[in-house]
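To keep things clear, I will list the structure first and then write my remarks on it.
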Amino acid sequence: MTFDVTDLVDGVDDPEAEWCDPDEPTFDTVFEGSWLPRYPMAGDRKDGPKYRMSREKALTKAYIEANPTCIQSLTIVDHDGGRADEITALCGLPAPSYIPMNAHTRDGHIVYAWKTPVVLTDAARRAPVNLLARIEQGLNTVLGGDIAYAGTFTKNPMHAAHLPLWGPATALYDLADLARPLSRLKALPRRATSQREQRTLLANSLTGRNCALFEMERKWAYTRVRDYQQRQEWDEVAFAYAWDRNEAIIGPAFSAGPMSWAEVGAISRSVSGWSWKHILRTYSEEQARRGRNGGRVMTEAKREANRKRATKFDLATALEIAT
C-alpha cells in the first residue's frame with residue numbers, strides 16, 4: 001500500500017504546533033535510560049568504521065548502535081522524504097520520542113521509544129515480537145521509511161552533526177499506542193496464517209526477519225531435538241540450520257537482507273535451549289504416545305453416551321417422513 005501524506009492531513013494547519021509543550025520536560029532528559037547498549041559500537045561517519053567503546057565515549061560520536069542484539073527499546077524509521085519533522089503529525093501518529101535530522105534536507109531518523117523493551121529471543125513470549133514486526137512494517141509504509149535501512153546504527157541525537165527534535169519526556173509508548181493509529185490508517189498488516197504469508201506481509205520489517213526465522217527454526221527443532229544425545233551437538237546443528245535458512249530464505253524475502261551472525265545465533269540459542277528443556281520425546285515417540293492415549297480415551301461408557309446422543313430424535317416422526 002502506498003501513502004500520500006497530503007491525503008492524510010485532517011485539519012492540521014501547523015504540523016509542528018503540537019510537537020511538544022515548551023513548558024514540559026523533553027525526551028533528552030530521559031534519552032540515556034531508553035538507549036540500552038552497554039558497550040556500543042559507534043563512529044563518526046555513516047559509512048565509516050564503527051568500534052566498541054564505553055557509552056560515554058560513544059555519545060561523542062555521530063553514529064551509535066541503536067539497540068542491543070536481543071532487545072529492542074527504540075524503533076527507528078529512516079525517513080528520506082524531506083518531511084521528517086512533520087510527517088508523523090500529518091499522519092495522525094503519536095509524537096516521536098525524538099528525531100535526529102539533517103537540518104538542510106529535513107531527512108532523519110524518526111524514533112519511538114518503548115516503555116517496555118521487547119525481548120526478541122524470548123521463545124515463550126512471541127506475541128509482542130510479532131506485533132512489533134507488524135508495527136515496523138506499518139510505520140515504514142506510512143512514514144516512507146527506507147526499506148534498505150539495516151537498523152543497526154542510528155544518528156546520535158546528542159551530537160552536533162544532527163539537528164535533534166525532542167518529543168516530550170513522556171513519549172514512551174506501549175505497542176498498542178502505535179498499533180491502534182496504524183490500524184485506523186489501515187497500515188497495520190494482518191496476522192499471517194502461514195510462514196510464506198508472514199514473509200510477504202512483513203517484507204519491510206526488520207523484526208519481521210526475526211519472526212520468520214524463529215517460526216522456521218522452532219517447527220524444525222520440535223521434531224528433531226531428541227534425535228541428539230549431546231546438548232553441544234544439538235546447539236551446533238540448530239545454528240547450522242538457522243544460518244542456512246537465513247541465507248537461503250530470509251535474505252531474499254526481506255528488503256533489509258539476511259540477519260547478522262549474532263542475530264541468528266541469538267535466535268538459534270533461544271529455540272535450541274527451549275526445545276532441549278521442554279521436548280522430552282522424539283517425534284515418533286510422541287506420535288505413538290498420542291495414539292495410545294487416543295485408544296484409551298474411547299471407553300465403552302463413552303461409546304454408549306455417543307450412541308445415545310446420536311439417536312436423540314422422534315422415531316415416529318422419522319418413520320412418518322420416510323413413508
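Only heavy atoms go into these numbers, but all of them, side chains included; no hydrogens, no water, no symmetry mates.
Taking Ile, Leu, Val, Met, Phe, Trp and Tyr as members and joining any whose side-chain heavy atoms lie under 4.5 Å apart, directly or through other members, the hydrophobic cluster of Tyr51 also contains Met53.
Side-chain contact check for Val111 versus Pro100: some heavy-atom pair is nearer than 4.5 Å. The closest side-chain heavy-atom distance from Glu197 to Arg190 is below 4.5 Å.
Leu59 and Phe153 are not part of a single hydrophobic cluster, where members link through side-chain heavy atoms under 4.5 Å apart.
Sorted by first and then second residue, the ring-ring contact (aromatic ring centres under 6.0 Å, His included) pairs with a member in residues 100-147 read His109-Tyr149, Tyr112-Tyr173; sequence neighbours excluded.
A donor and an acceptor atom, one from each side chain of Glu136 and Gln72, are located under 3.5 Å apart.
Trp166 and Tyr98 have tilted rings, their planes meeting at an angle from 30° to 60° on a 0 to 90° scale. In this structure, His278 and Trp274 have parallel ring planes: the angle between them is below the 30° cut-off, well short of the 60° mark.
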inquiry  = Working note: Leu202 + Arg209, criterion side chain to side chain contact (heavy atoms under 4.5 Å, CB included); need CA distance, chi angles, decisive distance, verdict.
reply    = CA-CA 8 Å; Leu202 303 178; Arg209 301 178 304 170; over 6 Å; no
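Atom CH2 of Trp243 sits about 5.0 Å away from atom CD of Glu247, to the nearest 0.5 Å. The distance from atom CG of Leu201 to atom OG of Ser194, rounded to the nearest 0.5 Å, is 8.5 Å.
More than 12 heavy atoms of other shown residues, nucleotides or ligands fall within 6.0 angstrom of atom CZ in Arg231.
For Phe239 and Trp261, the distance between ring centers is under 6.0 angstrom.
A salt bridge is absent between Arg126 and Asp122; no separation between the charged side-chain nitrogens and carboxylate oxygens falls under 4.0 Å.
A salt bridge (Lys or Arg N to Asp or Glu O under 4.0 Å) with Glu65 is found for one member of Arg52, Lys50, Arg38 and no other, namely Arg52.
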